[in-house]
Every structure is written in C-alpha cells, then in structure tokens.
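Accompanying notes for the structure given below.
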Amino acid sequence: MNQENKVLKIHPIEAVVITALLMGLLGYLIIGVKAVPHMAVISGIVLLLIYGAIKRVGFKELEGAMADGAKSGIGAVMIFFFIGMLISSWMASGTIPTFIYLSVELVSGRFFYAIVFLVTAIIGVSLGSSLTTAATLGVGFIGASTALDMSPVITAGAIVSGAFFGDKMSPLSDTTNLAATVAGADLFDHIKNMAWTTIPAFIISFIVFLVLSPEQTSTSIEQIELVKETLIQLNLVNGYALLPFVILALLAFMKVPVTAALLGGALSALIISIWTGNGMEMKGMLELLYSGYQSASGVEDVDSMLTRGGIESMMFSVSVILLALSMGGLLFRLGIIPALLSIVQRFLNRVSILICSTAGMAVAVNFIIGEQYLSVLLPGNAFKDYYKKAGLEPKHLSRVLEDAGTVVNPLVPWSVCGVFIASVLGVSVVEYAPFALFCLLCPLITVFYGFTGISLPKSIKDTQK
C-alpha cells in the first residue's frame with residue numbers, strides 16, 4: 001500500500017467522520033454482536049465502497065485499491081502457512097508436548113502466570129519473533145494451563161506480554177530493526193533507549209502476574225498425573241524432542257530468512273517423528289502438515305491440547321488478514337489516511353504534543369489498518385523531520401514507534417497479530433487483551449514520558465516548561 005496512490009483529496013474533518021463510523025461499526029460488530037472478524041471487516045469494506053461511489057470513484061479503481069492492499073500481506077500469509085506446518089510437525093515430534101510436560105512437572109499453580117510471562121519473554125528475545133514464540137512455547141503453556149486448571153485467558157495475556165517483550169527488545173526482531181531504520185537510529189542505541197519504557201512495563205506486568213497467580217491449583221494430583229502419563233504413553237516426551245526448537249533458535253540467531261528458519265524447524269521435527277516411530281508414510285505426513293496433528297489418546301484434556309496446527313488451521317487468520325489489508329488499501333486510495341496524517345502535523349509545536357501525536361497515530365494505524373509494519377512506517381515517515389526540528393534524537397522516535405506501534409497490534413481483533421494469536425492460542429483478542437499488561441503499559445508510559453520529559457535531553461525538558 002502506498003499513500004501516494006490516493007485518488008481523492010478530502011477534508012480532514014471528512015476523514016475523521018468516516019474513520020469514526022468505520023471504527024464504530026467494527027467495534028459494535030466484533031465486541032457488541034460478537035460477529036466473526038471476517039463479517040465485521042467486510043461490513044467496513046462495504047461502507048468504504050459506498051463512500052467511494054458517493055465520491056464518484058470508479059469501482060475498478062476501488063477493486064485495484066483492495067488488491068494493492070491485499071498484496072502487501074502476501075509475505076505474512078506465507079509465514080503463517082509455514083508456522084502452521086511448524087506447529088503440526090512439533091506436535092508429532094513431541095517438541096510442544098515436551099514443553100507441556102515440563103511446564104506441568106516444574107510449574108505449580110503458584111507464580112504460574114508470572115513464570116509464563118518471564119519464560120516467553122526470554123524465548124521471545126532469543127527468537128526475535130512474537131508470533132513464533134506464541135505459536136510454539138505459547139501453545140505449550142496454554143496446554144499446561146488446561147492441565148493445571150488455570151485460566152487460559154490470563155495465560156494468553158501473559159504469553160502475549162512476554163512474546164511482545166521479546167519482539168520489541170530482540171536485535172533479531174524485524175520490527176525492532178524496522179523502527180531503528182525508519183527513524184535513522186543505531187540499532188543498539190534504539191534497544192538501550194527502549195529500556196526506559198520497557199523495564200518499568202516489564203516490572204509492573206511481572207508483579208501483577210505474580211498477584212494474579214493462585215497459591216495452588218485446584219486441579220487434583222490425579223488429573224495432572226493422567227495428563228503426564230498420557231503424554232509419555234503417546235511417546236511424545238523426550239529430551240531430543242527439544243532439538244527442533246534449538247535449531248530454530250540457532251537459525252534465528254544466524255539471521256536466516258524467517259521462512260527458511262521455520263522450514264528448518266519443521267523438517268527437523270519430521271525427521272525426529274519418523275525416527276521415534278511417531279511418523280507415517282508420505283501421504284500421512286503431507287496430511288499432517290496440511291490438516292494438523294490429530295490426537296486420539298482418549299483423554300479429552302490431552303486431545304484438546306495436542307490437536308492443533310497445519311496449513312488448514314491458518315486459513316481463518318489468513319482470510320481475515322487479507323480482508324483487513326484490502327480495507328486498508330481503500331483507506332489509502334480514498335485519501336482518508338493522508339488526511340488524518342495532515343491533521344496531527346498542524347499541532348506539533350511542543351515536544352509533548354509531538355510524542356503524543358506519534359503514539360496516537362501508531363495506535364490509530366493499528367486499529368484502522370491492522371498492519372504492524374505500517375504502524376511503524378507511516379508515523380515514522382510522517383514525523384521524522386519534526387523530531388529533528390524539536391532537537392530530539394532518532395532513538396526517541398524509534399522508541400515511540402515500538403511502544404505504540406509494535407506492541408499494540410496484538411490488542412486489535414482484526415489485526416495481523418491479533419487474528420493469528422487468537423487462532424493458535426484458542427483465546428479471542430477481546431478476552432486476552434485486558435491481561436496483555438505489557439502491551440497496554442508501553443504506550444501509556446511513553447506518552448507519560450513525553451509530557452514529563454523523563455528520558456529526554458535536558459534542553460528539551462526545559463523547552464516544555
């Protein structure tokens with residue numbers, strides 16, 4: 001999507017009205033009516049098509065705008081397909097079941113949510129990918145929460161918080177590199193500067209998850225033992241089953257392209273599943289990769305934990321994402337996004353307003369378009385020169401882009417990250433969002449710093465008095 005391709009020049013107030021109607025419609029259908037995201041987004045597309053027709057924009061031009069928007073998501077679609085195959089192959093090899101077993105074995109109800117948050121944060125930094133962390137270790141923790149009779153909703157919130165801490169702070173993360181590049185900041189200066197907002201958000205989140213964790217689980221010892229014994233009987237718990245995770249982490253550290261890294265993790269898992277006797281003939285293996293792993297242990301809790309993955313499981317996410325990006329294409333072509341950008345650029349006479357406007361635009365792009373990269377790119381390009389004029393360094397801009405762009409995307413029900421995470425964890429965005437504490441705190445802290453001058457150069461603080 002390219003904002004240069006707009007065919008309309010509209011008044012900013014008109015853009016605000018259309019955006020408010022669109023957001024109201026999406027929010028009402030998803031939260032109020034509890035409609036599936038597909039129908040909510042299609043309703044939004046219909047609204048924009050009607051608006052385009054009223055403005056006398058040709059339908060072929062509108063179709064072209066939707067196609068341009070959808071094209072920008074092809075890379076993400078391919079990654080989702082590979083993650084689907086990774087999950088099913090890691091189920092068959094025992095990688096995720098071993099994670100579940102270790103979680104149930106080592107983690108009691110006490111401190112459970114805090115441990116989930118801490119471990120996913122560490123793994124997230126190691127992998128540099130929030131989606132891979134959520135789809136692998138996150139799925140294991142959701143399974144463990146079921147076995148321990150813990151809340152899958154709070155567990156999902158802890159997983160998302162930890163995964164996006166990793167996505168934000170890892171030098172391997174594509175969004176971390178993107179934010180630094182867009183702002184013109186050195187990568188490691190950018191990461192160091194993010195500690196100002198990230199560390200307080202991490203500490204507060206960790207303390208809250210400690211408080212939320214029960215003293216002990218209500219699940220009986222017999223039920224936990226049944227889950228563990230079933231996993232062992234299925235021959236899915238082995239030390240070497242963790243090898244695919246090690247391979248994936250190494251490939252990520254070597255900065256191998258993400259699809260190649262995911263493929264390496266999936267192939268190594270398939271080899272292990274064949275070696276351990278969990279594999280099958282060629283047709284069965286291909287069905288595993290497409291339809292996902294099907295557990296038939298006879299133990300309901302275990303089967304619900306393990307029956308996951310495959311390309312087919314990604315179709316729900318992919319279809320919503322393509323629809324949302326198509327809607328984003330219409331927003332650009334109809335001139336709505338450029339008009340909204342022009343509004344905030346008029347009021348950037350103070351640093352506090354500049355930082356707040358940057359954060360607000362990043363959040364707005366996440367909610368309007370649902371695309372994480374654009375939530376970094378658009379505000380970054382729009383406000384870069386204003387930060388220079390204000391005497392701020394590139395690292396200050398890149399930090400705001402991450403605080404309000406990168407980590408907010410999973411909080412949006414129709415966003416790329418939100419749809420994907422809800423699909424793999426089996427918990428809706430509306431349910432887990434209130435517990436994704438780290439993602440909620442980061443934009444609030446960065447705006448607070450903007451108004452107080454904390455972490456800004458002394459000369460900048462003085463100008464705000």
Side-chain angles (χ1 to χ4, degrees), residues 82-107 115-116 118-120 122-129 131-144 146-148 159 163 166 172 224-254 256 258-282 284-289 292-297 299 301-303 305-310 424:
F82 277 93
I83 288 179
M85 292 189 290
L86 182 79
I87 293 173
S88 59
S89 62
W90 279 25
M91 286 295 185
S93 67
T95 305
I96 292 177
T98 299
F99 274 131
I100 295 174
Y101 183 90
L102 292 174
S103 298
V104 174
E105 179 76 12
L106 302 176
V107 182
I115 292 172
V116 169
L118 179 62
V119 173
T120 50
I122 294 170
I123 299 303
V125 172
S126 302
L127 295 180
S129 170
L131 300 187
T132 304
T133 303
T136 53
L137 189 64
V139 172
F141 275 129
I142 287 291
T146 302
L148 294 168
I159 291 165
L172 306 176
I224 294 175
E225 288 300 320
L226 176 62
V227 170
K228 290 162 59 179
E229 289 173 10
T230 304
L231 291 174
I232 292 174
Q233 289 170 6
L234 292 172
N235 196 26
L236 292 175
V237 179
N238 296 289
Y240 49 76
L242 299 178
L243 184 60
F245 175 79
V246 174
I247 291 173
L248 180 63
L250 287 174
L251 291 175
F253 182 76
M254 294 166 60
V256 172
V258 62
T259 51
L262 294 171
L263 182 60
L267 288 177
S268 60
L270 288 175
I271 292 171
I272 289 176
S273 67
I274 293 171
W275 180 53
T276 57
N278 294 327
M280 61 285 289
E281 75 286 354
M282 180 60 70
M285 193 175 297
L286 295 176
E287 288 179 352
L288 167 75
L289 295 176
Y293 182 81
Q294 304 295 321
S295 175
S297 68
V299 179
D301 285 346
V302 174
D303 291 340
M305 287 182 216
L306 304 185
T307 301
R308 294 174 184 267
V424 298

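Side-chain atoms are counted along with the backbone in the values below, which use heavy atoms only and exclude waters and symmetry mates. Throughout, numbering of the chain's residues begins at 1 and tracks the sequence.
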So which heavy atom on [X] is nearest to which on [Y], and how close?
{"X": "Ser273", "Y": "Ala92", "result": "CB-O, 3.7 Å"}
{"X": "Ser88", "Y": "Leu289", "result": "OG-CA, 3.8 Å"}
{"X": "Ile232", "Y": "Val237", "result": "N-CG2, 4.2 Å"}
{"X": "Leu288", "Y": "Leu270", "result": "CD2-CD2, 3.9 Å"}
{"X": "Ala241", "Y": "Thr98", "result": "CB-OG1, 3.6 Å"}
{"X": "Thr307", "Y": "Ser295", "result": "OG1-N, 3.2 Å"}

Euclidean distance, [Y] [atom2] relative to [X] [atom1], rounded to 0.5 Å:
{"X": "Thr95", "Y": "Ile87", "atom1": "OG1", "atom2": "CD1", "value": "12.0 Å"}
{"X": "Leu118", "Y": "Ile122", "atom1": "CG", "atom2": "CD1", "value": "4.0 Å"}
{"X": "Thr146", "Y": "Phe141", "atom1": "OG1", "atom2": "CZ", "value": "13.0 Å"}
{"X": "Leu231", "Y": "Ile100", "atom1": "CG", "atom2": "CD1", "value": "6.5 Å"}
{"X": "Ile159", "Y": "Leu137", "atom1": "CD1", "atom2": "CG", "value": "7.5 Å"}
{"X": "Thr230", "Y": "Leu236", "atom1": "OG1", "atom2": "CG", "value": "10.5 Å"}

A side-chain contact here means heavy atoms from C-beta on lying under 4.5 Å apart; do [X] and [Y] qualify?
{"X": "Arg308", "Y": "Ile96", "result": "no"}
{"X": "Val119", "Y": "Phe99", "result": "no"}
{"X": "Leu306", "Y": "Leu234", "result": "yes"}
{"X": "Gln233", "Y": "Val302", "result": "no"}

Qualifying residues under side-chain contact (heavy atoms from CB on, under 4.5 Å), relative to [X], sequence neighbours excluded:
{"X": "Thr136", "result": "Leu86, Trp90, Thr132"}
{"X": "Leu263", "result": "Phe82, Leu267"}
{"X": "Ser268", "result": "Pro244, Ile247"}

(request) Determine, stepwise, if the pair Leu102 / Leu242 fulfils side chain to side chain contact (heavy atoms under 4.5 Å, CB included). (result) CA-CA 11 Å; Leu102 292 174; Leu242 299 178; 4.3 Å; yes
